[in-house]
Amino acid sequence: MLRAGSAVTCIACKNLLPSRMGVKFRVPLQKLHPLSRAIHHRYSSNNNPQRPPHCSAARHYTSLSRLPLRPPKSRSGGHGYQQHRSFWVAHLAARLLKLRYILLGSAVGGGYTAKKTYDEWKDMFPDMSQYTWIVPDFVWELSENIDLDNLASALPELEEIAKLLPDMEKIGENFTFLKSLLSSETTGESTLRVTDVPPTSAAMSDGSDKQFKKSSDKEKIDQLQEELLRTQLKYQRLLERLEKENKELRKVVLQKDDKGIHQRKVKKSLIDMYSEVLDILSDYDSNYNTHDQLPRVVVVGDQSAGKTSVLEMIAQARIFPRGSGEMMTRSPVKVTLSEGPHHVAMFKDSTREFDLGKEEDLAALRHEIELRMRKSVKEGQTVSPETISLSVKGPGIQRMVLVDLPGVISTVTSGMAADTKETIFSISKAYMQNPNAIILCIQDGSVDAERSIVTDLVSQMDPQGKRTIFVLTKVDLAEKNLASSSRIQQIVEGKLFPMKALGYFAVVTGKGSSNESIDSIKDYEEDFFQKSRLLRDGMLKAHQVTTKNLSLAVSDCFWKMVRESVEQQADAFKASRFNLETEWKNNYPRLRELDRNELYEKAKNEILDEVISLSQVTPKHWESILQKKLWERVSTHVIENIYLPAAQTINSGTFNTTVDIKLKQWTDKQLPHKALEVAWETLQEEFARFMAEYKGKDQDDIFDKLKEAVKDESIKRHKWNERAMDSLRVIQHNALEDRSITDKPQWDAAIHFMEETLQSRLKDTDSVIADMVGPDWKQRWLSWKNRTPEQHIRNETKNELERLLKLHEDHTAYLANDEVTTVRKNLEARGVEVDPVLIKDTWHQLFRRHFLQKALLHCNLCRRGFYYYQRHFVDSELECNDVVLFWRIQRMLAITANTLRQQLTNTEVRRLEKNVKEVLEDFGEDTEKKVQLITGRRVQLAEDLKKVREIQEKLEAFIEALHKEK
């Protein structure tokens with residue numbers, strides 16, 4: 001019956017459906033099992049004999065179907081019948097004589113036919129030796145770990161599969177009936193010629209017959225089309241059932257392999273190797289001339305067109321944040337899809353796995369993606385070109401690399417940056433201009449096609465459509481809203497848009513609810529297309545619908561593009577590596593290739609060595625520096641606010657009392673704080689000095705900016721221990737209260753310290769007076785310098801005040817008002833107009849010089865005064881209380897320097913070293929900081945060399961694995 005049904009079907013289809021009717025019954029093959037493909041090719045071969053076979057495995061199941069139909073015998077009449085009746089005896093005898101030959105031939109023919117049928121069934125199965133690369137190694141070891149007999153018993157029986165096959169006997173009867181109806185038209189016409197019938201009655205009967213036949217033909221065609229569609233759906237369900245069982249089986253095998261049943265190292269998958277190369281290229285310096293032209297699947301579309309939903313259906317998980325009408329994709333997201341035992345997702349720079357089977361993990365993943373997007377967007381911008389890298393693994397997922405781009409917009413709304421539209425266009429063009437990128441163009445089917453922006457953009461990037469796949473989303477809404485379904489057909493046939501594409505697909509990605517699961521969306525999509533008149537009326541082909549068919553087509557196209565272009569890209573990087581290595585040899589022949597990270601580690605070690613050198617400074621050196629700097633800081637206060645006011649007193653008792661009071665006030669308020677400032681500055685200067693000295697010892701100047709930044713940041717973070725101030729105050733107070741000079745060397749040291757201080761102050765005062773009065777007569781004659789009018793006035797004032805000092809050598813530090821008036825009038829008498837303030841200012845400097853000169857004379861007299869000091873200056877006109885004051889100051893400086901030195905060496909140097917380490921760690925984690933501080937062509941060249949070598953090596957490893965898989 002199968003033979004008869006098939007033959008009747010093929011001939012009836014050929015006669016029943018001429019090309020002018022425009023109805024096709026071709027069964028789509030993209031989703032059919034090899035069994036259904038074989039049957040389809042067998043029954044459709046007569047319609048298209050020139051079409052090459054789809055696959056070598058699609059053989060015919062029976063040789064009986066090859067036998068042609070027996071042509072119908074024509075009825076003979078008239079003389080032929082009489083002649084045949086006359087010789088019936090001769091014919092009967094001939095048939096009886098040939099009976100034995102018929103029996104013998106039937107036996108031989110039956111054996112030959114049975115053998116031929118067995119051979120055909122055997123040849124029908126494909127040669128699996130050509131496809132062993134598809135099956136992983138562990139599948140061949142299944143027999144050792146899985147009971148295949150129990151697994152085979154769980155598979156459906158042949159009777160169940162046979163029930164799913166179409167009722168070919170019924171289809172054959174329908175085709176025979178249709179053929180008889182069509183052929184009856186010609187026989188009816190011949191009958192009318194022979195029979196004598198009136199013309200009017202014949203025309204009426206002919207018209208009614210044609211009308212009846214026309215309506216009957218249409219009904220039969222509809223029935224036949226529905227029968228074929230039901231048959232296809234049966235095969236689809238069978239295929240999906242087998243695929244689901246295969247998916248579960250592979251999951252079990254992968255899980256067992258993952259637990260270590262097969263004690264072998266699991267190799268990295270091809271798609272993971274390829275994704276690593278793309279990750280490295282995304283971090284590669286875009287300023288270099290090497291452009292990345294490796295294939296990717298670039299997902300582009302208008303905003304809210306369903307790009308993200310399509311990608312989620314391919315990834316089989318709702319992994320992206322969603323919003324109603326607002327922009328959610330703010331930066332490119334690279335998704336690497338691969339097969340694995342568990343449905344999980346992971347970011348490139350993280351070790352956390354998100355279980356996509358758990359709703360809480362899905363929510364956490366969507367939140368993390370949204371946070372990363374917002375973090376990548378700079379202040380004042382809406383979108384970012386920085387790529388977020390994500391990998392998704394799971395059973396049955398097609399292997400490919402997709403990049404989801406921000407949706408193309410036509411208008412910048414409030415809250416967006418002014419250049420958002422142009423930025424999105426530039427990002428999209430940057431990805432699409434790659435000649436090996438596969439463009440997945442997403443078009444919203446629920447809106448007017450004329451409102452689309454992305455189609456024009458795609459047409460510019462790929463005018464010939466050699467690498468573009470067009471996807472029409474929301475087809476359910478399109479079918480419901482559009483008055484004419486032919487418009488959808490025009491879109492998926494590429495006749496409505498000016499753009500060209502490799503293929504056109506129509507998908508449904510849900511009902512618009514964010515709470516829908518992937519399984520519910522798949523069921524809804526399958527149910528829609530089963531009931532859709534778009535598929536039933538032949539406007540859409542079966543291989544053009546559902547996201548599953550789309551993912552299969554995109555994956556095939558992706559791997560085809562990879563195989564065609566990856567070796568060329570590897571050669572390009574090989575040439576780049578040669579050029580970079582040649583440049584390094586020519587410019588830096590004696591230097592080792594160190595990239596930025598390696599240079600940073602080298603600089604880090606040098607800086608830490610320099611910090612350790614601070615602990616090797618001798619205590620004497622520390623104390624000498626601290627004492628000198630502290631006196632420079634406080635000397636002005638000691639002279640101006642303590643010594644000079646006390647020296648104006650009448651007797652030694654008043655002098656000592658005034659000194660004690662002022663020293664106490666100074667110690668309580670200012671001295672400890674000044675001392676700590678001096679110590680901190682000394683530590684900084686010594687740290688900088690050691691770094692500068694280390695620099696002279698063959699140090700690379702490429703680290704200068706880094707070391708300066710580390711030094712400044714470490715000093716900024718370092719804070720002196722505040723508790724040290726209180727203890728230092730007590731020590732300084734006790735030192736200043738001690739007036740006992742025990743021996744003559746201490747007395748002489750105090751005299752020397754006092755004399756140096758007074759001479760230094762006297763020198764400074766002379767310099768100030770010389771600037772006030774201008775050059776003297778010698779400088780004016782020899783250097784041709786003149787005094788300014790102000791200097792002339794000050795010079796006259798100075799001369800007048802010096803005459804006053806000569807008259808009153810013991811004059812106080814301040815001029816009385818009547819003395820100021822007298823000096824001004826004397827100057828006016830000589831024609832010099834002078835202000836009283838200028839007189840007082842000039843007097844201050846002159847009296848200061850006069851006082852310092854007298855103090856130096858007194859200091860020389862006190863050199864012999866240690867004997868009188870021991871006797872407390874009894875019976876002596878010499879009083880050297882000022883020497884005791886300077887000895888107290890000197891001793892306080894020495895004790896303070898010793899205390900600060902101990903704190904430096906025991907505490908602060910270690911804290912500074914700790915701060916330096918923390919700063920180096922922080923800088924090491926900040927890539928932008930390292931790029932900013934370690935710069936130059938040498939660094940960039942080493943970075944490029946490292947990247948190109950790494951890319952080339954990974955590409956070569958990928959190509960080798962790709963060839964093995966072939």
Side-chain angles (χ1 to χ4, degrees), residues 273 276-294 566-613 687-714 916-917 919-960:
M273 297 171 67
E276 284 185 3
V277 175
L278 296 182
D279 288 336
I280 298 172
L281 286 170
S282 65
D283 298 334
Y284 192 61
D285 188 5
S286 59
N287 295 326
Y288 193 66
N289 293 328
T290 301
H291 297 290
D292 169 26
Q293 294 184 356
L294 289 173
V566 67
E567 292 189 3
Q568 181 181 359
Q569 292 300 306
D571 293 339
F573 280 104
K574 187 176 181 180
S576 300
R577 174 179 177 176
F578 175 78
N579 295 336
L580 292 172
E581 288 176 345
T582 303
E583 182 180 354
W584 182 275
K585 291 177 182 178
N586 293 335
N587 296 329
Y588 312 102
R590 298 183 179 180
L591 293 178
R592 188 162 58 96
E593 296 176 14
L594 297 177
D595 60 16
R596 185 172 281 108
N597 291 330
E598 292 171 337
L599 288 172
Y600 182 81
E601 291 299 323
K602 182 180 178 181
K604 177 180 177 180
N605 294 331
E606 290 185 3
I607 294 173
L608 292 176
D609 290 341
E610 293 163 9
V611 175
I612 293 175
S613 299
F687 181 38
R689 182 177 67 84
F690 273 98
M691 295 182 71
E693 289 180 355
Y694 198 88
K695 181 179 177 180
K697 303 176 182 178
D698 276 341
Q699 195 216 354
D700 201 338
D701 56 0
I702 204 171
F703 302 143
D704 290 350
K705 291 176 65 176
L706 174 62
K707 290 186 175 182
E708 189 68 23
V710 171
K711 183 192 74 174
D712 295 341
E713 184 65 21
S714 301
V916 170
K917 289 181 180 180
V919 171
L920 288 172
E921 292 295 331
D922 293 343
F923 284 4
E925 295 175 358
D926 191 346
T927 304
E928 294 182 0
K929 199 76 173 179
K930 289 192 289 186
V931 172
Q932 178 184 357
L933 297 176
I934 303 179
T935 58
R937 178 55 188 163
R938 169 186 157 195
V939 182
Q940 191 60 48
L941 187 58
E943 285 284 305
D944 293 340
L945 268 171
K946 178 184 177 182
K947 290 289 185 183
V948 170
R949 285 196 185 108
E950 187 177 7
I951 293 170
Q952 182 193 355
E953 291 172 359
K954 289 188 177 295
L955 274 178
E956 289 177 352
F958 171 75
I959 293 171
E960 183 180 357

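The shortest distance between side-chain heavy atoms of E276 and E950 does not fall below 4.5 Å. Taking 4.5 Å as the limit, some side-chain heavy atom of L608 sits within range of a side-chain heavy atom of L920. At least one side-chain heavy atom of K707 sits under 4.5 Å from a side-chain heavy atom of E606. Side chains of V939 and T935 form no contact here, defined as non-hydrogen atoms less than 4.5 Å apart. Here the side chains of Y588 and E583 are not in contact, with every heavy-atom distance at 4.5 Å or above. Contact of the K946 side chain with the E598 side chain is not registered, since no non-hydrogen atoms from C-beta on lie closer than 4.5 Å.
Separation of atoms CZ (R596) and CZ (R938) is listed at 12.0 Å; rounding is to 0.5 Å. To the nearest 0.5 Å, atom CG of residue N579 and atom CG of residue D944 are 11.5 Å apart. To the nearest 0.5 angstrom, N586 atom CG is 12.5 Å from W584 atom CH2. Remark: T582 OG1 to N587 CG distance equals 10.5 Å, nearest 0.5 Å. Within the model, atoms CG of D595 and CG of L941 stand 11.5 Å from one another, a figure rounded to the nearest 0.5 Å. Taking CD from Q940 and CG from L580, the interatomic distance works out to 10.0 Å, rounded to the nearest 0.5 Å.
Looking at every heavy atom in both residues, Y600 comes nearest to V919 through OH-O, 4.4 Å. Summarising the geometry of L945 relative to R577, their closest heavy-atom pair is CD2-O, 4.1 Å, with the distance given to 0.1 Å. Smallest separation of non-hydrogen atoms from A942 and L594: CB-O, 3.2 Å.
Looking at E567 and K574, no side-chain N of the basic residue comes within less than 4.0 Å of a carboxylate O on the acidic one, giving no salt bridge. The pair K705-E708 does not meet the salt-bridge criterion, since no charged nitrogen lies less than 4.0 angstrom from a carboxylate oxygen. Between E593 and R949, at least one side-chain N (NZ, or NE/NH1/NH2) sits under 4.0 Å from a carboxylate O, which counts as a salt bridge.
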* To do: Determine, stepwise, if the pair L599 / L706 fulfils side chain to side chain contact (heavy atoms under 4.5 Å, CB included).
  => CA-CA 11 Å; L599 288 172; L706 174 62; over 6 Å; no

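Under a 3.5 Å cut-off, the side chain of K930 and the backbone N or O of G924 do form a donor-acceptor pair.
Sorted by first and then second residue, the pairs that involve residues 927-959 and meet ring pair (Phe, Tyr, Trp, His ring centres under 6.0 Å), not counting sequence neighbours, are Y274-F958.
With hydrogens and angles left out, the side-chain atoms of E956 and Q952 include a donor and acceptor closer than 3.5 Å.
Residue Q568 places its CD atom among 12 or fewer non-hydrogen atoms of other residues, nucleotides or ligands, all under 6.0 Å distant.
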